Amino acid sequence: MPELPEVEVVRRGLADHVLDRTITEVSVAHPRAVRRHVAGAADFAARLAGRTVTGVRRRGKYLWLDLDGGSEGEDAVLAHLGMSGQMLVADAGRPDETHLRVRIRFADDGPQLRFVDQRTFGGLSLHPLVPAAGGGVLPEPVAHIARDPMDPAFDLDAAVAGIRRRRTGLKRALLDQTVVSGIGNIYADEALWRSRLHGARPTERLTRAQGRAVLTAATDVMGDALRAGGTSFDALYVNVNGASGYFDRSLAVYGQVDRPCPRCGTPVRREPFMNRSSYSCPRCQPRPRTPHP
DNA sequence: AATGAGGCCTGGTTGC
DNA sequence: TGCAACCAGGCCTCAT
């Protein structure tokens, strides 16, 4: 559920609350939450102590805190929220959350940063910053992730070309984070609906104009969602203060099976897709005659 | 090489 | 009523 808009809401919250603060102590309550830190939980905690947060950045659905050099060189705490990860800014006296995985305390004795994650698909890890192909520096595991549509250097035509080079269905291509990042199941369905395209359309038969249309729609819908504070279906996605977003009220098709298409009134359909679901309007988004399987 | 399927997780919901 | 099956789904690993 946390896709680009939700992660950006969290990034902004962290920029407001942890930037320029110095970490004193880190405790890992569940080792799975730091499994991508190969040196282990103790190493993770030890390396963070004494470091100062100098930046809060994001690419696609990845989020990271830049750390000052210290004795380790400049690197970053990388966070992925997975399905149910939350970054909460919490006063020390607040009771621990049921699924609290990592707690970060700061030298100023101000609010803690807590990583809470029911399903533990997400996690934290520490990585060196490496030069990125298109300029700038990124945490190592993010190097293969494409720029997202809110990146000032995002190249729409290059992304369209990337999609059209794939030999798959359009929705699969939209979800491929190495082509364009930040789009998940919700915003893929909403972008396809806005551009009146079916997700099973083979990418080799997508025109450049259609490619630009669907990516522009994705950019627009994610921008709308960001302004609404993100999409929350339940308490699993919240901002750093624990508040939900309200873009779920504006979804045209995602999760809206049998409800009327906001454009033409035809009941929204649900179709199986990669062991999950896709939502679309049967009239606005006719299934292609030769769909990609 | 590129594509696609399977596995990882937990809690809420559905169905028998 | 109680329990099992199912569902949510991003991303990594592995097979083809």
Side-chain angles (χ1 to χ4, degrees), chain A residues 1-8 10 28-38 58-64 78-87 97-102 115-125 127 138-146 148 161-192 199-204 206 218 222 225 230-238 244-245 247-248 251 253-258 270-279 291-293:
Chain A
M1 317 245 210
E3 303 181 26
L4 187 155
E6 293 76 31
V7 179
E8 176 61 16
V10 173
V28 177
H30 196 312
R32 184 174 154 78
V34 294
R35 67 194 178 286
R36 294 191 182 92
H37 188 83
V38 289
R58 180 189 59 74
R59 172 170 286 196
K61 303 169 194 172
Y62 283 91
L63 180 69
W64 64 94
L78 182 64
H80 198 290
L81 303 180
M83 268 286 291
S84 54
Q86 306 174 342
M87 295 286 246
E97 293 76 9
T98 305
H99 303 292
L100 175 65
R101 308 306 191 192
V102 179
F115 179 68
V116 176
D117 190 5
Q118 178 198 102
R119 296 175 207 174
T120 61
F121 277 25
L124 306 183
S125 47
H127 304 278
L138 297 171
E140 258 171 351
V142 183
H144 70 291
I145 301 294
D148 61 68
I163 288 175
R164 295 175 80 240
R165 262 197 305 276
R166 298 289 312 276
R167 287 298 170 260
T168 186
L170 175 55
K171 182 168 173 180
R172 279 181 181 275
L174 291 175
L175 296 177
D176 185 339
Q177 304 297 302
T178 68
V179 177
V180 52
S181 69
I183 303 173
N185 204 34
I186 297 171
Y187 299 113
D189 279 2
E190 294 296 306
L192 288 164
R201 171 181 289 265
T203 49
E204 65 261 41
L206 189 76
M222 291 194 292
T231 299
S232 312
F233 297 113
D234 48 34
L236 283 188
Y237 162 70
V238 293
S244 295
F247 192 70
D248 59 305
L251 294 172
V253 288
Y254 185 84
Q256 308 298 309
V257 64
D258 292 337
R270 180 167 70 89
E271 296 173 296
F273 172 77
M274 295 171 72
N275 286 327
R276 45 194 67 116
S277 296
S278 284
Y279 300 88
H292 192 279

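Keep in mind that this is a model prediction, so the values were computed, not measured. Reminder, nothing fancy here: chain letters follow the sequence lines and each chain counts from 1.
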If the condition is side chain to side chain donor-acceptor pair (under 3.5 Å), which residues does [X] pass it with, not counting sequence neighbours?
{"X": "A:T168", "value": "none"}
{"X": "A:K61", "value": "none"}
{"X": "A:R270", "value": "A:S277"}
{"X": "A:H292", "value": "none"}

- Task: Specify the residue among A:M274 and A:R270 whose closest nucleotide of DNA chain C lies further upstream toward the 5′ end.
- Result: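 Of the two residues, A:R270 wins.
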Dump every N/O contact between nucleotides 12-16 of chain C and the protein below 3.5 Å, one line per pair.
from	atom 1	to	atom 2	distance (Å)
C:dC12	OP1	A:Y62	OH	2.6

Residues pairing under salt bridge (Lys or Arg N to Asp or Glu O under 4.0 Å) where one sits in residues 175-186 of chain A, two or more places apart or in two chains, turn out to be A:R166-A:D176
Taking side chain to side chain contact (heavy atoms under 4.5 Å, CB included) as the test, write out the residues that go with A:H99, two or more places apart.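 Side chain to side chain contact (heavy atoms under 4.5 Å, CB included) list for A:H99, sorted by chain: A:R101, A:V116, A:Q118.
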By side chain to side chain contact (heavy atoms under 4.5 Å, CB included), A:R165 pairs with (sequence neighbours left out) A:A161
Rounded to 10°, the angle between the first-five-pair and last-five-pair axes of the helix from B:dA2-C:dT16 to B:dC16-C:dG2 is 60°
Counting only non-hydrogen atoms, which of residues 169-180 of chain A are less than 4.0 Å from DNA chain B?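 Heavy-atom contacts with DNA chain B come from A:R172.
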* To do: Look at A:H80 and C:dG10 and indicate whether a side-chain polar atom (N or O) is within less than 4.0 Å of OP1 or OP2.
  =>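 For C:dG10, OP1/OP2 do not have a side-chain N/O of A:H80 under 4.0 Å.
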To the nearest angstrom, the CD-C1' distance between A:E3 and C:dG10 comes to 9 Å
Terminal contacting nucleotides, 5' and 3', DNA chain B versus chain A (heavy atom, 4.0 Å):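 That gives a stretch of B:dT3 to B:dG11.
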Problem set entry | For A:E271, all residues meeting salt bridge (Lys or Arg N to Asp or Glu O under 4.0 Å), sequence neighbours excluded |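 Applying salt bridge (Lys or Arg N to Asp or Glu O under 4.0 Å) to A:E271 gives A:R269, A:R287.
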